Q: 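Below is a structure I'd like to ask you about.
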Amino acid sequence: MSVIAVDGHAFRRVESGAVHDAAQNEVFGEVAAQSRPRPEPAAPLLKVQGLRVQLAGGADVVSDVSFEVAAGRIIGLVGESGSGKTTVASALLGHVRHGARIVEGRIEVAGTDLLSLDEDALRTVRGRVVAHVAQDPATTLNPLLRIGTHMHEVLEVHAPALDRAAREARILDVFADVGLPAEAAFLKRFPHQLSGGQQQRVLLAQAFVLKPRLIVLDEPTTALDVSTQARVLATIRRLCSQHGVAAVYVSHDLAVVRELVDDVIVLYAGRIAEAAPLATLFDAPAHPYSQGLLAAIPDVAERRALQPIPGQAPAPGTRPAGCAFAPRCPLADARCGSEQPALSHLHGGQQAACLKLEAGPAFRIEAAASARRPAAEADGPPLLEVAQIDAWYGSRQVLHNVALRLGAGECVAVVGESGSGKTTLARALAGLGEHAAGSVLYRGQSLSLHARERTADVRHQIQYIFQNPYRALNPRHRVGETLTAAVRHFFGVDRAEARRRAEAVMARVSLQPGLLDAYPRELSGGERQRVAIARALVCEPQLLICDEITSALDVSVQATILALLRELQAGGLSILFVTHDLGVVRALADRVVVLREGRVVEHGAVDDVLDHPFNRYTKQLVEHSPSLIDAAHRPPREDRVIRYSI
Amino acid sequence: MSSVPLHAGAPSPASTGPLAALKALRGRMPAWLPWFVGRLLSGIGVVLVISFIVFGATQALPSDPARIILGPEAPEHTVDTLRRQLGLDRPLALQYVDWAQQVLSGNLGRSIDSNVPVGELMAGRFANSLTLTLAVAAVAFPLALVLGIFMALRRDSLADRAVLSSVVLFKAVPGFVIGICLVMIFSTSVFSILPAASLLDPSLPAWRQPQYLVLPTATLALSVATYLLRLVRASMIEAMDSEYVTAARLRGVPERRIIWRHAVPNALIPAIQGVAMTFRVLFGGAVLAEVIFSYPGIGNTLNAAIEMRDLPLIQGIVLVITVGVVVINLAADLITVLLTPRLRTATRIRARSPGLRNAASLWRTGKSWRVSV
């Protein structure tokens, strides 16, 4: 057995033997970007000038993007969906997706202009000089090929002189480097036999095995749990600094970027809104959009009054003339609507494209009052009391004796990583559990775990909202049909009354009544999730069960949904909120229940649990949750030494 | 369970006995074997159920075989005697057991119509149908595969759109119209280079008389290939759009290698079910094509047998077709599982028929359900 001790500034790895088995031994590095020694910026390795990418119809996906990255530096490319960040990332390898075209610009890597190369020359550059790591490792690895075949292919293509044994030696070397088992047996595995973290490490190994000069990482940790994410980020940082590789890290998540990069570029509607060194961006964001993003992100370290950015990001082709952010910007005036702002240089390497830089911050981060203390026990029986629930998936038990209480008007968060059983629990309470058993009291009455066996009265009081708003609404029903069908099912009212109630509920979720005649495909993700919430509200529920309902949404949209939920809660609704995001927990919940492998490991008031986690696993979750709050402002550090057993 | 050693000093059965051997065997046993055994048993169940239905349904036919044999003029007592001789007056259950025993011993009875043993009668016809099926497969599968991949790689090009439109045309036109058109073009009105009717010489195997095979093969291949072609094209497009293909491109893997090593193997797995479906359709007797060309295959024979209420022959043919369909399904599922690592290594395979859903959806709508629009 060996122990990895982690302190705030460096990480050491102590190993005994070559035990590289599960994700457990993945190297964990304390996340402390600001304490890293940084090489001085040298001549830029990557130079992007005036990049413009168009769709076949002539709409700009990306325009006027210029930036530089020096060897050994990591730059973060941040933006919400539709901002063009992935387009920029793949353009750095001279690639655009089907139907798009690079129409202008210059991308220079180590002195070579990639866009002037022909197909063959470009192919030799891809992988060898510029490597790419994709977002979802599960779909990026070919399901029919073994890990070894994936690795050998890269070397066969780019280093044909190596024989099989030499290739294998290189592969095992790089596996050790990225924290994978350096064993021949591991090469025989198929992608689906690996954990998500291991799969992502295979992608890293594929990228690093040829020792490229530049590596492009496109949201490589989005599909991973927070703990795995923290370890993979640490590995990326170590590899980049070890090999002096320049890196472009694409992400929608400012908090993750903060853990890793030196400089940040904020993209909005295909243009650079702001570019700044990391610390400057977080301390003094210049562009209203950057300010809005920072104010919209829920943080694990403190409860904030999240400020939604009104409206939504425009899609390519529908971008307004002038500043693309103007329609959402509180500072915008007539000039913003007609004039395209250019990037202006501020002090300290900061650049921003805004005409109203002097007008003061458009959004300000505001701390909120602490979470409500749970009401005293004497307040009468809780709305929902789960004495015990067990659930099985096949022959495997996925929930073990889970218990929780939910008072009237309270919001309880259920937190856990993937596979912790949190969705199983939510589904069982909603009456969708197929193989669950247990005893649950709702308003003091026994509650069946099968919706079929519940009375209609109870069924309309307990409503469930699904994770993915894109799939939760019937695509062939207009919004109005979706809502009135629920009303008429439960309350047997006539058509006109159902319509009236649907209109009333649309107002409650801040949607235009005109949208009642829209089909779900005409709505944005945030609007769809509002419709899903409206469908639950129209049933006059007492308890809302929300299963990760913001995880498919952009942060600015997430903030509006969270604000809506808090408003509903203030109106007396009880909410059971399932999530993996501790920042959301802090922003929303009164109490939290931490699930691990189907067992409750800790529960209590949100501020107590997140500020002073008692359980080791909870501590680890809090540790690994990226935060925008400076480490100095975070809770005392002495409890941040974590021991890992291998 | 406990076992008592037979004599002192005997090694513990747990370590070396049959139990341990069983465990060791389990360790070496492929993970999919239990699934396969289950599928095999359920396949046998299907055959059994179909045999009930076949037997019951033919019994339920409204007319009386004895009366048909003897004709409407025959006196009632003669018909009764024949009915007794044929065993048609006994309880159904008994008739079934009798029949099942006979079938299992290879005796499918005698055709009521021609008084020839059913087995003998079927053997020749099945051989003819099998020859036709294989000929169609040999033409249609490579055509669909090559053209499908080609079209997927040049998707939305002029060639792709032209082929796709003509494919829709062939699918929209019923098979017998295609057959009649071919006859008109190649045997009657335009050219007369091929025989219009497949009057096979029964003394020679069908493959020795290729001139009779050309038109039926072409007719069936044209209608079958359109389906397969679209399936291969759709799944190839899906594979080429997948993230592992994009990722391979971004690693600088040459396009040719991406197509053959990454995309084609993934695209062919759904095609296995499509091929199986084609085989099922063809093997079950391509009745229309056989009737048009008077091809002496199993479809034609079944058609004639039903017209004649020839019970033993109907039973025999339907039973053999059932077994054939079950075997084709089983083979297709086994191949799919063996070619899909995730299924091959799974300890519990949930999907009873992976890919079948996809093939069926494509058959109905022309769209692979896995391709999101």
Side-chain angles (χ1 to χ4, degrees), chain A residues 56 86 89-90 92-99 119-146 149-151 153-158 188-193 203 206-207 209-210 212 216 218 394-396 470-471 475 521, chain B residues 31-32 34-35 152-157 235 237-272 335-350 354-355 369-373:
Chain A
T86 295
S90 62
L92 296 181
L93 293 98
H95 173 89
V96 281
R97 66 168 183 270
H98 195 79
E119 198 58 31
D120 275 345
L122 195 56
R123 201 164 49 231
T124 58
V125 170
R126 288 178 184 166
R128 188 153 59 186
V129 182
V130 190
H132 183 264
V133 177
Q135 177 169 10
D136 183 359
T139 54
T140 305
L141 295 168
N142 186 335
L144 299 188
L145 300 184
R146 296 173 194 275
T149 317
H150 278 99
M151 295 302 302
E153 182 177 59
V154 182
L155 291 171
E156 276 167 29
V157 168
H158 290 289
K188 291 230 184 319
R189 297 226 204 150
F190 284 100
H192 72 271
Q193 295 168 318
L203 294 191
Q206 277 188 315
V209 69
L210 289 161
V216 179
D218 188 357
S395 58
R396 195 162 54 89
Y470 295 90
R471 284 185 293 180
R521 63 168 178 273
Chain B
W32 49 267
W35 162 83
L153 295 179
R154 282 173 186 61
R155 119 166 88 137
D156 300 335
S157 69
S235 58
I237 285 178
E238 191 188 350
M240 290 302 287
D241 278 350
S242 70
E243 285 174 38
Y244 53 81
V245 163
T246 308
R249 285 206 182 109
L250 294 182
R251 286 197 299 272
V253 177
E255 197 66 16
R256 180 180 290 269
R257 189 179 174 126
I258 289 177
I259 293 168
W260 295 106
R261 298 263 183 105
H262 290 269
V264 169
N266 275 291
L268 288 191
I269 288 175
I272 294 168
I335 293 171
T336 305
V337 166
L338 288 185
L339 291 182
T340 313
R342 184 187 289 276
L343 297 174
R344 183 171 75 221
T345 55
T347 45
R348 296 183 57 187
I349 295 171
R350 273 185 194 85
W369 59 269
R370 292 204 287 172
V371 177
S372 52
V373 190

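As the structure is a prediction and not an experimental result, all values here were calculated from the model. So that the names make sense, note that chain A is the first sequence line, chain B the second, and so on, each numbered from 1.
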Q: Heavy-atom count around B/Arg257 CZ within 6.0 Å, excluding the residue itself: above 12?
A: yes

Q: Pick one of side chain, backbone, both or neither for A/Glu119, based on which atoms fall under 4.5 Å of a heavy atom in chain B.
A: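 It is neither, since no heavy atom gets under 4.5 Å.
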
Q: In the structure I gave you, are the side-chain heavy atoms of B/Glu243 and A/Asp136 within less than 4.5 Å of one another anywhere?
A: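 The answer is yes, as the side chains (C-beta and beyond) meet within the 4.5 Å cut-off.
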
Q: Non-hydrogen atoms of chain B under 4.5 Å away: do they reach the side chain of A/Thr124, the backbone, both or neither?
A: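 Neither part; nothing is under 4.5 Å.
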
Q: So which heavy atom on B/Pro341 is nearest to which on A/Leu144, and how close?
A: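 Looking at all heavy atoms of both residues, the shortest contact is CD-CD2, 3.4 Å.
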
Q: Identify which part of A/Arg97 has an atom lying under 4.5 Å from any heavy atom of chain B, answering side chain, backbone, both or neither.
A: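 For A/Arg97, there is no contact with chain B at all, as no heavy atom is under 4.5 Å.
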
Q: Got a sec, which residues hit side chain to side chain contact (heavy atoms under 4.5 Å, CB included) with B/Glu255, two or more places apart in sequence or on another chain?
A: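 Side chain to side chain contact (heavy atoms under 4.5 Å, CB included) check on B/Glu255 returns B/Met240, B/Arg249, B/Ile258, B/Ile259.
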
Q: Quick one: list whatever passes salt bridge (Lys or Arg N to Asp or Glu O under 4.0 Å) with A/Arg128, sequence neighbours left out.
A: none

Q: Nearest 0.5 Å, what's the OG1-NE2 distance between B/Thr340 and A/His192?
A: 10.0 Å

Q: If you measure from CG on A/Asp218 to OG1 on B/Thr246, what distance do you get to the nearest 0.5 Å?
A: 11.0 Å

Q: Would a 4.5 Å heavy-atom cut-off, applied to side chains only, mark B/Pro254 and A/Val157 as touching?
A: yes

Q: Among A/Thr149, A/Val216, A/Leu141, which has the most heavy-atom pairs under 4.5 Å with chain B?
A: A/Leu141

Q: Based on non-hydrogen pairs under 4.5 Å, which of A/Ser90, A/Ala131, A/Pro143, A/Ala207 is most in contact with chain B?
A: A/Pro143

Q: Between A/Glu156 and chain B, with a heavy-atom cut-off of 4.5 Å, which part of the residue counts as in contact: side chain, backbone, both or neither?
A: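 Side chain only.
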
Q: Taking it one step at a time, do B/Arg261 and A/Glu153 satisfy salt bridge (Lys or Arg N to Asp or Glu O under 4.0 Å)?
A: CA-CA 10 Å; B/Arg261 298 263 183 105; A/Glu153 182 177 59; 5.2 Å; no

Q: Checking A/His158 side chain against B/Arg251 main chain: does a donor-acceptor pair fall under 3.5 Å?
A: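 Side chain of A/His158 to backbone of B/Arg251, a donor-acceptor pair under 3.5 Å: yes, one is there.
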
Q: Identify the two heavy atoms, one from A/Leu93 and one from B/Leu250, that lie closest to each other, and give their separation to 0.1 Å.
A: CD2-O, 3.5 Å

